[in-house]
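The next block holds one structure in the form of structure tokens; read it before the comments.
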Amino acid sequence: MENFKTTSTIEEIAEKVAMGPFGSSIKVETFVSEGVPIISGQHLNRAKVDDSPGFNFISLEHAGRLANANVTRGDIVFTHAGNIGQVAYIPKDSSFDRYVISQRQFYMRCDRKRVIPEYLVWYFKSPEGQHQLLANTSQVGVPSIAQPVTYLRTLAISLPPLSEQRAIAHILGTLDDRIELNRRMNETLEEMARTLFKSWFVDFDPVRAKAAIRTPPVGERDWTVERARAYLDRMDDRLVDHFPDRLVDSELGKIPEGWQVGRFSDIVSRDRDKVNPASFPKTVFSHFSIPAFDEGQNPKRELGESIKSTKSRVVQDDVLLSKLNPEIKRVWLPNVAPDERAICSTEFLVLQAKPPFQCNYVYCLSLSPFFRRQLESIVTGTSKSHQRAPADAILSLETVIPHRRASEAFETSASKLLQRSMNLRRESRYLAEQRDALLPQLVCGETSVPSDRG
């Protein structure tokens, strides 16, 4: 590996550094259905600008009036206020060839003869780069970087040759891309499990289909015989037998015959076991916190001495349901190994399924539309950011109690999907740990890399 010999300021390696538009330049009233997309903080969580959250748009004419805030492929976008420290580049395969940055952002366009954006983004995600980027911040009011454009230009960094920049960016980018692929596969697998749950236990599709064949309904709104037969033909005959062939009245509306209306507490019990991690200062805990959930559902590995408050203990097959701000769907299948020391924030209810129910049923029920509507209706607290649902009220929420054969059949089907999803999450945790361990070593020149990539 060649030595790091070149020290350059951003001023020397940038073709342009510029701020986003003034605060009044982009408002909700200026949004249009299609046009030029606006990059916001939610698009900057990876090394690449992430298109998956979707965008708000402004018109081509409006974007033209904000020409100095227009960015394109290869540009690096930073956040200078609010969630400071965010940085990402627009990749060559981005969904759009032109964007506008928001009011809390600024950007840099690289001199490609000196530095490639893929490398520079990883540099600014490293501990050294984050330290430099955030050294000129103010914590008064909204966190912000003072005079971000002027400050960025003054930063001096050590640059390896372009060949090594490409090699470093390739190694870290490959790990990051695999993590992103796993995330998208997880979304698909979990959506399949939730869709199956909704079909069986919310819409009662197998029951409606059997009822349509037994007594063909009148009216286009209901299941036709043809539709019913097509639906049931896609199901295993043994599964079909687990569902009745009629709906009956209940206090929750029509439900399958033989099923009951009960409470969430008929399906789960609450585990109240607590642990003080500080009592085990050198023990490594998997910490399932609210921030960890929001940052990709990857628990943080932390020593007990660094965790200052009492937490809830988490064991195998638990389901975590957040009491905080229930309009945000924070439901977690922790996938804890038998020998793993795991804890979670007391903002989570730690739930264990009561037989014959199992964790996958509880997980999908906790994310189902009717359950979420009930959960949001019982919040307390006047502050929008700190509303909570009381634990006892959550356990008292009404739900349909299916026949055990139906719930067991669902567990068999859903476990294949959700176990695969959890395995991918565990793989992503390992890859993220490898990436984060390699990052400072690579950008500081402590680890050798092949530099013959074109």
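Predicted model, so just to flag it, every value in this text is computed and none were measured. All heavy atoms count here, side chains included; hydrogens, waters and symmetry mates do not.
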Shortest non-hydrogen contact from [X] to [Y]?
X: Leu252; Y: Thr399; result: CD1-C, 4.1 Å
X: Ala69; Y: Tyr107; result: CA-CE2, 4.4 Å
X: Val336; Y: Gln316; result: O-CG, 3.6 Å
X: Ser59; Y: Val36; result: O-CG2, 4.5 Å

[X] side-chain N/O to [Y] backbone N/O, donor-acceptor pair under 3.5 Å:
X: Ser126; Y: Pro440; answer: no
X: Thr30; Y: Ile26; answer: no
X: Ser199; Y: Leu196; answer: no
X: His403; Y: Arg405; answer: yes
X: Asp266; Y: Arg263; answer: yes
X: Arg104; Y: Gly41; answer: no

Donor + acceptor pair across side chains of [X], [Y] (<3.5 Å):
X: Ser286; Y: Arg341; result: no
X: Ser415; Y: Asn360; result: no
X: Asn423; Y: Glu427; result: no
X: Asn186; Y: Ser421; result: yes
X: Thr412; Y: Glu408; result: no

More than 12 heavy atoms from other groups under 6.0 Å of [atom1] on [X]:
X: Lys92; atom1: NZ; result: no
X: Arg238; atom1: CZ; result: no
X: Glu34; atom1: CD; result: no
X: Gln147; atom1: CD; result: no

Is [Y] close to [X] at the side-chain level, that is, under 4.5 Å between some pair of heavy atoms?
X: Leu303; Y: Thr283; result: no
X: Ser322; Y: Ile328; result: no
X: Leu333; Y: Cys359; result: yes
X: Leu349; Y: Leu320; result: no
X: Trp332; Y: Pro299; result: yes
X: Leu172; Y: Lys125; result: no
X: Leu134; Y: Ile84; result: yes

Assess whether a salt bridge exists between [X] and [Y], defined as any Lys/Arg side-chain N lying under 4.0 Å from an Asp/Glu carboxylate O.
X: Asp241; Y: Lys210; result: no
X: Arg184; Y: Glu180; result: yes
X: Glu191; Y: Arg194; result: yes
X: Lys48; Y: Asp176; result: no
X: Lys329; Y: Glu190; result: no
X: Asp205; Y: Lys198; result: no
X: Arg429; Y: Glu433; result: no

Could you tell me if the ring centre of [X] sits under 6.0 Å from that of [Y]?
X: Phe197; Y: Tyr363; value: no
X: Phe57; Y: Phe96; value: yes
X: Phe288; Y: Phe348; value: no

Given side-chain contact (heavy atoms from CB on, under 4.5 Å), test Gln105 with Leu44 step by step and report yes or no. CA-CA 10 Å; Gln105 295 166 352; Leu44 304 181; 3.6 Å; yes
I need the Glu327 CD to Gln387 CD distance, nearest 0.5 Å. 6.5 Å
Between Trp200 and His242, is the side-chain contact (heavy atoms from CB on, under 4.5 Å) condition met? List the steps. CA-CA 11 Å; Trp200 287 10; His242 296 331; over 6 Å; no
Would you call the rings of Phe201 and Phe243 parallel, tilted or perpendicular if under 30° counts as parallel and over 60° as perpendicular? tilted
What verdict does the salt bridge (Lys or Arg N to Asp or Glu O under 4.0 Å) test give for Arg372 and Glu376, after you've listed the backbone C-alpha separation in whole Å, the side-chain angles of each residue and the deciding distance to 0.1 Å? CA-CA 6 Å; Arg372 300 307 303 184; Glu376 292 176 28; 5.2 Å; no
Exactly one candidate in Phe204, Phe357, Phe410 meets side chain to side chain contact (heavy atoms under 4.5 Å, CB included) with Pro402; the answer is Phe357
Please walk me through it: do Asp271 and Val314 pass side-chain contact (heavy atoms from CB on, under 4.5 Å)? CA-CA 9 Å; Asp271 190 340; Val314 181; over 6 Å; no
side-chain contact (heavy atoms from CB on, under 4.5 Å) assessment of Lys300 paired with Glu295: CA-CA 10 Å; Lys300 299 294 177 62; Glu295 292 169 10; 3.4 Å; yes
